[in-house]
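In what follows, a structure is listed as structure tokens, so that the remarks can point back to it.
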Amino acid sequence: MATEYQPEDIETKWQRHWEETQAFRVPDDDPRPKYYLLEMFPYPSGKLHMGHVRNYTLGDVVGRQRRMRGFSVLHPIGWDAFGLPAENAAIKNKRHPADWTYSNIAFMRQQLHRIGVGYDWAREIATCHPGYYRWQQLMFVRLFNKGLAYRKGARVNWCPSCQTVLANEQVEGGQCWRCSSRVEQRDMEQWFLRITDYAEELLKALDGLEGRWPDMVLTMQRNWIGRSQGTEIEFPLEEADAAATGARGVSVYTTRPDTLFGVTFLAMDPSHEIARKLAARHGRAKELEAFIEKCSVAESLRTDADRDEEKLGMFLGAYCRHPFTGERVPLVAANYVVAEYGFGAVMGVPAHDQRDFEFARTVPLDGEKSIAVKVVIQPPGDAMPLRGEEMTEAYVEPGVLVGSPGFEGLASTDAITKISEEVERRGLGKRTVRYRLRDWLISRQRYWGAPIPMLHCERCGVVAEREDRLPVVLPEDVELTGEGGSPLGRHPTFSKATCPACGGPARRDTDTMDTFVDSSWYYLRFATPRLETAPVGAKEAQRWMPVDQYIGGIEHAILHLIYARFFHRVMQDVELLPRDIGREPFAHLLNQGMVCLYCEKCQRSHAMSKSHGNTIDPEEMVKKYGADALRLFMMFLGPPQAQFDWKDEGLEAAWRFLGRVWRAVDGAAERLQGAAGGGNRQAAAGTATHKLRVRTHRTIKSVTEDIENRLQPNTAIARLMELTTQLTEHLAQGAAAEFDAAAVREAAETLVLLLGPLTPHLAEELWERLGHTGADRVLDHAWPGYDDALLAGERIQIAVQVNGKLRANLEVEPDIAEEDLKARALAHPGVQSHVGGKTPRRIVVVPGRLLNVVL
RNA sequence: CCCCGGGUGGCGAAACUGGUAAACGCAGGGGACUUAAAAUCCCUAGCCGUGCAAGCGGCGUACGGGUUCGACUCCCGUCCCGGGGACCA
């Protein structure tokens with residue numbers, strides 16, 4: 001009567017069951033403890049790929065296990081539905097982005113069902129729905145009112161042929177990713193969010209995530225925020241120049257004020273306002289324009305392969321004064337000065353900064369023979385003193401100050417403080433903290449995104465839309481041609497509105513928000529996905545926040561995670577979120593690795609992607625082997641963080657294993673039907689029954705630890721394979737000698753329950769075959785516990801080493817006295833032959849593990 | 001150039017706090033069942049040496065050193081691979 005493992009029927013049966021019973025709906029008022037599990041929501045690109053399967057399977061394993069552990073698990077799913085691909089597809093296929101997006105969602109939703117992932121579908125959201133993005137518009141208005149959203153001119157990537165701004169990621173080797181035209185830099189008015197106000201808090205709070213987030217992500221975020229401690233110093237201009245520019249001097253920011261006396265030039269961003277004015281005054285305006293163009297060309301020609309930046313410079317014809325010595329310091333425009341950082345100007349110290357050194361060596365300036373390399377820090381100790389003319393690279397290490405009147409002989413580390421104090425005393429500047437993090441540019445000249453709810457009124461200027469007039473709905477009747485400016489700007493009526501302040505005519509802003517805004521707060525919306533009075537209900541936010549486990553790809557290590565951390569805080573600060581839910585949205589983070597395919601031609605593996613043409617379709621694999629086998633394979637091949645290469649043989653192996661489980665448990669179920677209950681719970685040590693029980697309980701212990709604490713299903717599966725093998729063997733041998741119904745039932749049921757999170761369909765089916773019917777399901781069954789006493793009573797293996805080399809294995813009682821153990825070890829023939837009558841100098845005993853005889 | 005990971009059999013990997021390196025699986029070899037094949041089950045398996053053989057000895061976690069009774073694990077140096085950032089003063 002033995003049956004075959006037929007995944008297809010089983011899987012549809014249980015998927016239907018879960019759907020009909022709405023098994024994964026979760027109420028907000030369950031008295032049990034909550035667990036909020038979230039995987040990064042997908043972009044509805046068309047169909048699921050293997051990366052999705054891996055991501056969502058891992059989440060499902062964790063979610064189902066926590067549920068069996070007695071948690072009320074919130075496991076929602078939604079769609080990151082705005083974005084450029086929909087717009088491009090619309091242009092190409094003459095299909096509306098909404099239509100394209102929603103039909104992709106429908107298809108992928110059904111695919112998620114087919115791999116058996118348990119979501120609370122009643123909470124499904126899509127960011128392109130007005131019921132979602134209206135709240136984002138409200139947030140924007142609130143941020144604007146608090147001065148946290150603002151407009152300013154910014155230099156942006158502009159494609160002259162597509163007539164739009166491009167994100168940095170959309171520029172490849174200086175060319176537009178769509179039409180390959182050369183990208184230009186343009187100054188345009190754009191919307192920004194003041195994330196830099198939160199730089200310090202975002203940085204400090206990372207310490208609290210230590211051990212809960214991967215180190216790599218914490219480091220990447222720290223570097224991205226890039227805090228530095230330095231000093232601002234003003235270099236006074238000569239009187240005539242000061243009068244002409246309206247500036248007293250040129251300010252710089254430095255982290256090395258100890259090298260102040262080594263300054264031999266002062267470099268400015270070529271577009272620096274003072275630089276332009278100085279150039280104009282000294283008859284070099286045209287030359288500067290040409291220089292700016294030259295820098296821009298050099299910049300756009302730069303490719304990833306060629307990151308060695310050439311230093312370009314131009315003398316502005318003017319000088320400033322060294323603030324301490326009064327010496328004349330030439331002012332230059334240089335391409336290596338970053339406009340947006342510090343003051344857009346730096347002091348040039350060729351002797352002690354590598355970039356300044358290269359600049360001084362490669363850029364000759366008219367009116368100057370060449371820029372001097374002036375050493376003001378000498379290496380400590382007896383090292384040869386440095387001479388500027390002979391140096392081949394800058395000396396950037398600490399040392400002792402020379403040529404710095406008033407600070408001679410000081411250690412450079414002390415001089416940083418001393419010189420800064422002197423700068424402050426003289427009123428030339430102050431010590432400050434700066435960050436690399438820039439404010440977040442969120443406006444896009446795109447159609448398929450959330451409209452920015454702002455108006456431009458001739459009389460009142462820039463005005464926020466009234467809150468009660470939100471949402472500003474994205475119009476559907478828009479023509480997408482792919483050419484020329486923001487599509488919303490071409491809509492006949494969209495931009496025509498009335499000013500909320502004066503009632504007069506006003507022009508609606510036609511930009512939409514960066515889609516990263518959409519994904520910065522979606523995890524909150526899942527608490528109250530349909531609420532019509534606020535983005536999130538306070539009570540529900542308090543119930544569910546924070547996300548206990550967040551799972552997703554490493555590619556979001558910086559941007560998405562920093563934006564979400566920012567939104568979590570800023571929403572509290574504009575009273576859209578209760579303040580008592582904590583400042584961090586994600587308590588634990590796991591970055592799962594990519595799914596790759598080995599390429600014979602390149603002798604290496606590449607991430608599966610449509611553009612590489614190296615994808616494997618999950619749907620086909622499910623058809624062939626079933627969802628359970630696919631899930632198991634994905635979990636078994638390696639630890640979740642590691643990249644893995646797809647192997648057909650691996651999937652077949654998973655499928656074979658499930659066949660073995662099926663035969664073992666189904667076989668056990670058949671035998672158990674006829675057998676009497678009861679059985680011998682105190683099977684004597686050494687008997688097959690006892691061994692089976694020990695194996696069962698040991699498996700519970702390791703699988704629990706592997707899934708619950710270590711998030712390593714791969715090793716859990718290895719233990720489950722061992723239990724399956726032993727159960728199979730036991731049934732084969734036990735036929736003649738012993739058949740303890742209770743122990744066999746225990747082993748079979750344990751195996752099924754522990755497989756529940758990994759291969760849920762198979763587990764439910766076998767559970768039913770073991771006689772459990774009605775409401776008794778694996779899904780809601782308690783996670784099994786193990787009997788410590790049973791494991792403790794086991795005889796243990798002790799490794800015996802002589803001088804650190806393994807010479808024997810002893811099997812002993814767990815409570816053996818140390819003296820007895822030593823005696824038995826020394827008596828062992830294999831040990832004796834190596835001790836050879838010598839007296840041991842020392843015997844190291846590690847209880848329960850090993851004994852080392854040191855001669 | 002800077003910062004993070006990582007380097008273990010033919011392959012994916014395991015070894016969790018320094019304590020028997022290679023669990024579990026894939027591919028391989030041998031066998032059972034079968035007319036045959038598929039499926040299934042069993043055995044085997046790091047490398048070198050030695051022995052007719054059970055065995056015995058040595059080497060072995062990228063490389064070189066160190067700490068320790070004992071190192072894949074800790075420390076110092078070198079090489080290679082992957083990822084991120086990159087003129088941030």
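Each chain gets a letter, A, B and so on, in the order the sequences are listed, and its residues count up from 1. Keep in mind that what you see is a predicted model, and the values were worked out from it rather than measured.
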For residues A:Ile377 and A:His352, report the shortest heavy-atom separation together with the two atoms involved.
-> N-NE2, 3.1 Å
Name the closest nucleotide to the A:Glu705 side chain, picking from B:rC41, B:rA15, B:rC16.
-> B:rC16
For A:Phe636, which contact category applies under a 4.0 Å heavy-atom criterion: base, sugar-phosphate, or nothing?
-> base
Protein-nucleotide distance (A:Asn803, atom CG; B:rA71, atom P), rounded to Å | 11 Å
Is it true that the side chains of A:Tyr336 and A:Asp356 contain a donor and an acceptor less than 3.5 Å apart?
-> yes
Look at all strands and tell whether A:Val337 reaches a base, only sugar-phosphate, or nothing, counting heavy atoms closer than 4.0 Å.
-> base
Among B:rC59, B:rC41, B:rG84, the nucleotide that comes nearest once only the side chain of A:Arg660 is considered | B:rC41
Over how many whole Å does the gap from A:His272 atom NE2 to B:rA89 atom C1' extend?
-> 14 Å
Strand partner of B:rU68, provided both Watson-Crick or wobble distances fall under 3.5 Å | none
Pairwise C1' distance for B:rC42 and B:rU50, with rounding to whole Å = 31 Å
Contact class for A:Ser228 vs. all strands (heavy atom < 4.0 Å): base, sugar-phosphate, or nothing?
-> sugar-phosphate
Find the distance A:His352:NE2 to B:rC87:P and express it as a whole number of Å.
-> 24 Å
Regarding the side chain of A:Thr219, the nearest nucleotide among B:rC26, B:rC69, B:rC4 is B:rC4
Can you tell me, in whole Å, how much space there is between the C1' of B:rG29 and that of B:rG19?
-> 35 Å
Nearest to the side chain of A:Arg719 - B:rG57, B:rC24, B:rA89?
-> B:rC24
A:Gln354 side chain to A:Glu358 side chain, donor-acceptor N/O pair below 3.5 angstrom = yes
Of the listed nucleotides B:rA14, B:rC24, B:rG19, the one nearest the side chain of A:Val844 = B:rG19
Glycosidic conformation of B:rG64, syn or anti, with 90° from 0 as the boundary?
-> anti
Return yes if a side-chain donor-acceptor contact under 3.5 Å exists between A:Asp648 and A:Trp646, otherwise no.
-> yes
Does the ring center of A:Phe343 lie less than 6.0 Å from the ring center of A:His272?
-> no
Looking at B:rG12, B:rC16, B:rC26, which one has an atom nearest to any side-chain atom of A:Leu637?
-> B:rG12
To the side chain of A:Val854, which of B:rC69, B:rA89, B:rG19 is closest?
-> B:rC69
Gap in Å between the two C1' atoms, one belonging to B:rA45 and one to B:rG28, rounded | 9 Å
Under 4.0 Å between any heavy atoms, over every strand shown, what does A:Glu722 touch: base, sugar-phosphate, or nothing? Just pick one.
-> sugar-phosphate
Looking at every strand, decide which applies to A:Arg434 at a 4.0 Å heavy-atom threshold: base, sugar-phosphate, or nothing.
-> nothing
Heavy atoms under 4.0 Å, any strand shown: does A:Val346 hit a base, just sugar-phosphate, or nothing?
-> base
When both distances are under 3.5 Å in a Watson-Crick or G-U wobble arrangement, the nucleotide paired with B:rC26 is B:rG10
Distance, P atom - from B:rA62 to B:rG49, rounded to whole angstrom | 24 Å
Out of B:rU20, B:rU40, B:rC26, whichever nucleotide has its closest atom nearest the side chain of A:Gln797 = B:rU20
Report yes if a side-chain nitrogen or oxygen of A:Tyr341 is closer than 4.0 Å to either non-bridging phosphate oxygen (OP1 or OP2) of B:rA89; otherwise report no.
-> yes
Under 3.5 Å side-chain donor-acceptor pair for A:Thr231 and A:Ser420 | yes
Can you find a side chain N or O atom of A:Arg222 that sits less than 4.0 Å from OP1 or OP2 on B:rC4?
-> no
Quantified in whole Å, what is the C1' atom distance between nucleotide B:rG9 and nucleotide B:rG46?
-> 5 Å
Rounding to a whole Å, what distance do you find between A:Leu850:CG and B:rA15:P?
-> 19 Å
Inter-nucleotide P distance (B:rA27, B:rC79), Å rounded = 40 Å
Base, sugar-phosphate, or nothing for A:Asn714, non-hydrogen atoms under 4.0 angstrom?
-> sugar-phosphate
B:rG84 P sits how many Å from A:Leu218 CG, rounded?
-> 18 Å
Mapping A:Lys647 and A:Thr728 onto RNA chain B by nearest heavy atom, which one lands closer to the 5' end?
-> A:Lys647
What is the pairing partner of B:rA38, taking Watson-Crick or G-U wobble pairs with both distances under 3.5 Å in any strand?
-> none
Does A:Lys701 put a side-chain nitrogen or oxygen below 4.0 Å from OP1 or OP2 of B:rC16?
-> no
Passing option when A:Ile419 is tested against A:Ser412, A:Pro257, A:Ser404 for side chain to side chain contact (heavy atoms under 4.5 Å, CB included) | A:Pro257
Using the C1' atoms only, state how far B:rG84 lies from B:rC16, rounded to an integer number of Å.
-> 28 Å
May I ask you to say what A:Pro639 touches in the nucleic acid, namely base, sugar-phosphate or nothing, with a heavy-atom cut-off under 4.0 Å?
-> sugar-phosphate
Protein-nucleotide distance (A:Leu711, atom CG; B:rA14, atom C1'), rounded to Å | 17 Å
Sugar-phosphate only, base, or nothing, as touched by A:Lys311 at under 4.0 Å among non-hydrogen atoms | base
Sort out the partner of B:rG57 for me: Watson-Crick or G-U wobble, both distances under 3.5 Å, none otherwise.
-> B:rC48
Cut-off 3.5 Å, side chains only: do A:Tyr253 and A:Ser228 have a donor facing an acceptor?
-> yes
Using a 4.0 Å heavy-atom cut-off across all strands, classify A:Gln801 as base, sugar-phosphate, or nothing.
-> base
Short side-chain N/O contact from A:Arg256 to OP1 or OP2 of B:rA89, under 4.0 Å | no
In whole angstrom, give the distance that lies between atom CZ of A:Arg438 and atom C1' of B:rA86.
-> 12 Å
Look at all strands and tell whether A:Asn335 reaches a base, only sugar-phosphate, or nothing, counting heavy atoms closer than 4.0 Å.
-> base
Distance test, side-chain N/O of A:His834 to OP1/OP2 of B:rG57, below 4.0 Å | yes
Validation row, ring centre A:Phe657 to ring centre A:Phe636 under 6.0 Å = no
Classify the nucleic acid contact of A:Arg849 as base, sugar-phosphate or nothing, counting any heavy atom under 4.0 Å across all strands shown.
-> sugar-phosphate
Please determine if a side-chain N or O atom of A:Arg656 lies less than 4.0 Å away from the OP1 or OP2 oxygen of B:rG25.
-> no
What distance, rounded to whole Å, do you find between the two C1' atoms, one in B:rC33 and one in B:rU20?
-> 38 Å
Ranking A:Ile717 and A:Ile558 by the position along RNA chain B of their nearest nucleotide, the one closer to 5' is A:Ile717
Donor-acceptor contact present, side-chain A:Gln221 to main-chain A:Leu203, <3.5 Å = no
Given that both distances must come in under 3.5 Å, which nucleotide forms a Watson-Crick or G-U wobble pair with B:rA62?
-> B:rU78
Can you tell me the distance, in whole Å, between the CH2 atom of A:Trp655 and the C1' atom of B:rC26?
-> 17 Å
Assign A:Asn852 to base, sugar-phosphate, or nothing according to its heavy-atom contacts below 4.0 angstrom with the strands shown.
-> base
